[in-house]
Peer 1: 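Below you will find the structure I want to go over with you.
The structure presented is a predicted model; accordingly, all values stated were derived computationally and were not measured. These numbers come from the heavy atoms of this one structure, side chains and all, not from hydrogens, waters or symmetry mates. In the text below, chain A, chain B and the rest are named by the order of the sequence lines, each starting its count at 1.
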Protein chains: 4
Amino acid sequence: MLNRTVLVGRLTKDPELRYTANGVAVANFTLAVNRPFSNQQGEREADFINCVIWRKQAENLASYMGKGSMVGVDGRIQTRSFDNQEGKRIFMTEVVAESVQFLESRNSNQGKQGGQPGNTSNQTQQNQGGFQPQQESQSSGQEPFDNAEPVDLSDDDLPF
Amino acid sequence: MLNRTVLVGRLTKDPELRYTANGVAVANFTLAVNRPFSNQQGEREADFINCVIWRKQAENLASYMGKGSMVGVDGRIQTRSFDNQEGKRIFMTEVVAESVQFLESRNSNQGKQGGQPGNTSNQTQQNQGGFQPQQESQSSGQEPFDNAEPVDLSDDDLPF
Amino acid sequence: MLNRTVLVGRLTKDPELRYTANGVAVANFTLAVNRPFSNQQGEREADFINCVIWRKQAENLASYMGKGSMVGVDGRIQTRSFDNQEGKRIFMTEVVAESVQFLESRNSNQGKQGGQPGNTSNQTQQNQGGFQPQQESQSSGQEPFDNAEPVDLSDDDLPF
Amino acid sequence: MLNRTVLVGRLTKDPELRYTANGVAVANFTLAVNRPFSNQQGEREADFINCVIWRKQAENLASYMGKGSMVGVDGRIQTRSFDNQEGKRIFMTEVVAESVQFLESRNSNQGKQGGQPGNTSNQTQQNQGGFQPQQESQSSGQEPFDNAEPVDLSDDDLPF
DNA sequence: TTTT
DNA sequence: TTTT
């Protein structure tokens with residue numbers, strides 16, 4: 001059935017890259033999407049939308065985008081439930097990104113570096129928009145993905 | 001910022017119609033949206049997506065659609081947080097429907113009736129698709145909205 | 001770059017199924033999508049949107065849906081140009097359907113028949129919503145695709 | 001009926017701002033949207049999608065965005081037909097933008113200037129994303145809309 | 001060239 | 001008639 005979501009927003013923090021037991025990459029991230037209208041106090045609020053992305057695109061996102069980066073996401077809404085530490089069933093809703101477009105990387109130099117757009121490609125045949133962020137800060141030869149924690153994750157939620 | 005969701009799914013139960021203290025109608029409902037692929041056990045799963053709809057459309061939805069009805073929704077994702085009974089902060093994600101399209105009403109006769117499409121209109125200038133479900137079961141002269149509980153609800157989440 | 005379109009509408013005629021020289025199935029169809037508002041004369045108008053769909057889904061669409069059937073489409077806008085008979089460059093815009101959902105087949109018995117939903121599947125792993133139209137008229141043992149014209153078509157527009 | 005399109009792309013030229021006889025602003029523009037895959041020659045192509053936008057947002061777009069600017073569009077597909085000079089019926093398809101998000105203005109200094117984001121607002125209650133393009137070139141006190149041609153246009157296509 |  |  002039809003289930004389609006398109007978002008443009010900014011990462012609230014660096015994406016969290018992990019690997020399933022089978023070595024499949026997954027990244028979780030939250031998008032702050034500003035609302036187009038003001039609330040009754042006249043303030044602009046934002047929605048904080050949890051997203052997941054799989055495989056190569058997860059790795060690219062973690063390499064090139066960080067806290068504050070602006071991305072476009074095309075995906076679908078997925079709901080899951082699991083039992084938390086207190087044995088209570090928790091329901092969660094997130095967007096499974098089928099493709100991401102890099103619209104702007106964060107412009108600060110501190111924190112995670114941007115990798116080397118020159119020699120690494122953020123383009124995969126299958127999905128994205130090939131926008132090469134120009135204001136990308138790129139200085140160190142830092143190894144990409146080094147903060148990925150290859151923990152034991154189940155492949156259960158793997159789509160397709 | 002761009003925030004757009006389009007869904008087609010079935011109501012998991014009758015919509016819950018309420019009114020804010022100012023008399024604004026709101027309906028909450030959950031859509032079961034079947035996934036287009038099977039899981040690792042070869043089963044087809046569904047996502048259960050919480051939705052809200054406001055004003056006239058809330059009333060129309062509650063009048064004409066019930067458990068099992070198929071609807072299309074065009075809206076945006078909204079996140080909210082509130083403190084539950086145990087004082088724990090709960091985050092929730094839902095789709096604010098800006099327009100709904102009635103694709104098929106449930107075909108059973110029991111439970112909530114379909115209202116009188118003949119004299120009540122489910123068409124508003126602003127939004128929807130004017131599909132008049134033909135297999136609509138319509139037999140009783142039951143008053144519409146009679147199961148709406150006009151409780152005290154805040155207008156805080158009222159969009160626009 | 002983001003390019004996403006979701007439509008729900010009715011086929012203005014039976015889909016036209018063809019095959020490229022390499023045997024790839026393509027179907028063209030037009031969707032009448034009713035507008036949610038009235039024009040200045042107080043009439044409801046519709047948009048007539050050209051769509052294309054490829055491979056297995058093209059065949060399924062041609063087998064099960066016909067003039068008047070209601071479908072949901074999830075795809076992207078594509079523009080093409082070609083030189084017409086008079087040597088004039090023609091620009092056209094159409095929606096490439098990545099997945100279709102069968103919402104309702106036409107309810108008349110005349111014209112193309114609906115095939116045998118009982119033994120043929122309109123579900124493919126990759127895409128659609130598995131809605132089994134219940135009011136489907138199914139009577140003849142008519143061979144599916146028999147009105148497909150396996151003409152010489154180029155694969156140039158084949159996406160992915 | 002559901003009819004939703006979301007695009008991110010670049011203006012192929014400066015938007016064309018006009019006014020109807022009743023003084024309603026309309027801007028036409030074309031978006032180049034790069035495809036996420038390569039063709040059989042290994043080249044990346046783009047779709048060139050015609051768009052229209054009405055009222056205040058038309059004026060804002062014309063003031064702040066020009067050839068090469070990147071924008072996000074949330075709207076719906078509309079088809080129209082008219083008879084051309086040779087008396088031939090022409091069908092056209094375009095996207096009616098309900099909201100636009102300014103993602104990046106062109107970074108050149110020549111050509112149309114960017115107006116004064118400081119004192120003019122590109123934010124309207126109704127629609128857009130409030131992104132303030134930071135690399136905006138802003139130097140001249142050029143009057144906004146001065147290249148708008150207040151020609152005689154019909155209000156016929158005015159939506160809502 | 002348009003659907004219910 | 002097309003953008004980076």
Peer 1: To the nearest angstrom, how far is C:Leu31 atom CG from E:dT1 atom C1'?
Peer 2: 15 Å
Peer 1: Output all residues satisfying side chain to side chain contact (heavy atoms under 4.5 Å, CB included) with C:Ala32, sequence neighbours left out; order by chain, then residue number.
Peer 2: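 Applying side chain to side chain contact (heavy atoms under 4.5 Å, CB included) to C:Ala32 gives C:Thr12, C:Phe48.
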Peer 1: Once you round it to whole Å, what is the distance between P of F:dT3 and CZ of D:Phe102?
Peer 2: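 For the pair D:Phe102 CZ and F:dT3 P, the rounded distance is 21 Å.
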Peer 1: Looking only at the side chains, is there a donor atom on one of D:Glu59 and D:Tyr64 sitting less than 3.5 Å from an acceptor on the other?
Peer 2: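 Checked: D:Glu59/D:Tyr64 side chains show no N/O donor-acceptor pair below 3.5 Å.
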Peer 1: Checking contacts here: which listed nucleotide (F:dT2, F:dT3, E:dT3) is nearest the side-chain heavy atoms of C:Ala32?
Peer 2: E:dT3
Peer 1: For the pair made of CE in C:Met65 and C1' in E:dT4, what is the distance, rounded to whole Å?
Peer 2: 15 Å
Peer 1: If I take atom CZ in residue C:Arg35 and atom P in nucleotide E:dT4, what distance separates them, rounded to the nearest angstrom?
Peer 2: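 So the two atoms are 18 Å apart, to the nearest Å.
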Peer 1: For C:Lys67, answer base if it contacts any base atom (sugar-phosphate contacts may also be present), sugar-phosphate if it contacts only those atoms, and nothing otherwise; contact means non-hydrogen atoms under 4.0 Å.
Peer 2: sugar-phosphate
Peer 1: Nearest to the C:Arg89 side chain among F:dT1, F:dT3, E:dT1, which nucleotide is it?
Peer 2: F:dT1
Peer 1: Are side-chain N/O atoms of C:Gln78 and D:Asp47 paired as donor and acceptor at under 3.5 Å?
Peer 2: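 Looking only at side-chain atoms, D:Asp47 and C:Gln78 do not form any donor-acceptor pair under 3.5 Å.
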Peer 1: Base, sugar-phosphate alone, or nothing: which one does D:Gly68 contact when heavy atoms must sit under 4.0 Å apart?
Peer 2: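 Sugar-phosphate only.
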Peer 1: Which nucleotide, E:dT2, F:dT4, F:dT2, lies nearest any side-chain atom of C:Thr30?
Peer 2: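 Nearest to the side-chain atoms of C:Thr30, counting from C-beta on, is E:dT2.
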Peer 1: Checking side-chain polar atoms at under 3.5 Å, does D:Asn50 have a donor or acceptor matched by the opposite partner on D:Thr30?
Peer 2: yes
Peer 1: Compare the minimum distances between each of F:dT2, E:dT4, E:dT2 and the side chain of D:Phe91, then state the nucleotide with the smallest one.
Peer 2: E:dT2
Peer 1: Please report, rounded to the nearest Å, how far the P atom of F:dT1 is from the NZ atom of C:Lys88.
Peer 2: 11 Å
Peer 1: How many Å lie between CE on D:Met1 and P on E:dT2, as a whole number?
Peer 2: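 So the CE-P distance, D:Met1 to E:dT2, works out to 17 Å.
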Peer 1: Once you round it to whole Å, what is the distance between P of F:dT3 and CD1 of C:Ile77?
Peer 2: 19 Å
Peer 1: Holding to side chain to side chain contact (heavy atoms under 4.5 Å, CB included), I want the full list of residues that pass it with D:Glu86, two or more places apart in sequence or in another chain.
Peer 2: D:Asn84
Peer 1: Without decimals, in angstroms, what is the distance between D:Asp47 CG and F:dT3 P?
Peer 2: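 One finds 14 Å between P of F:dT3 and CG of D:Asp47, rounded.
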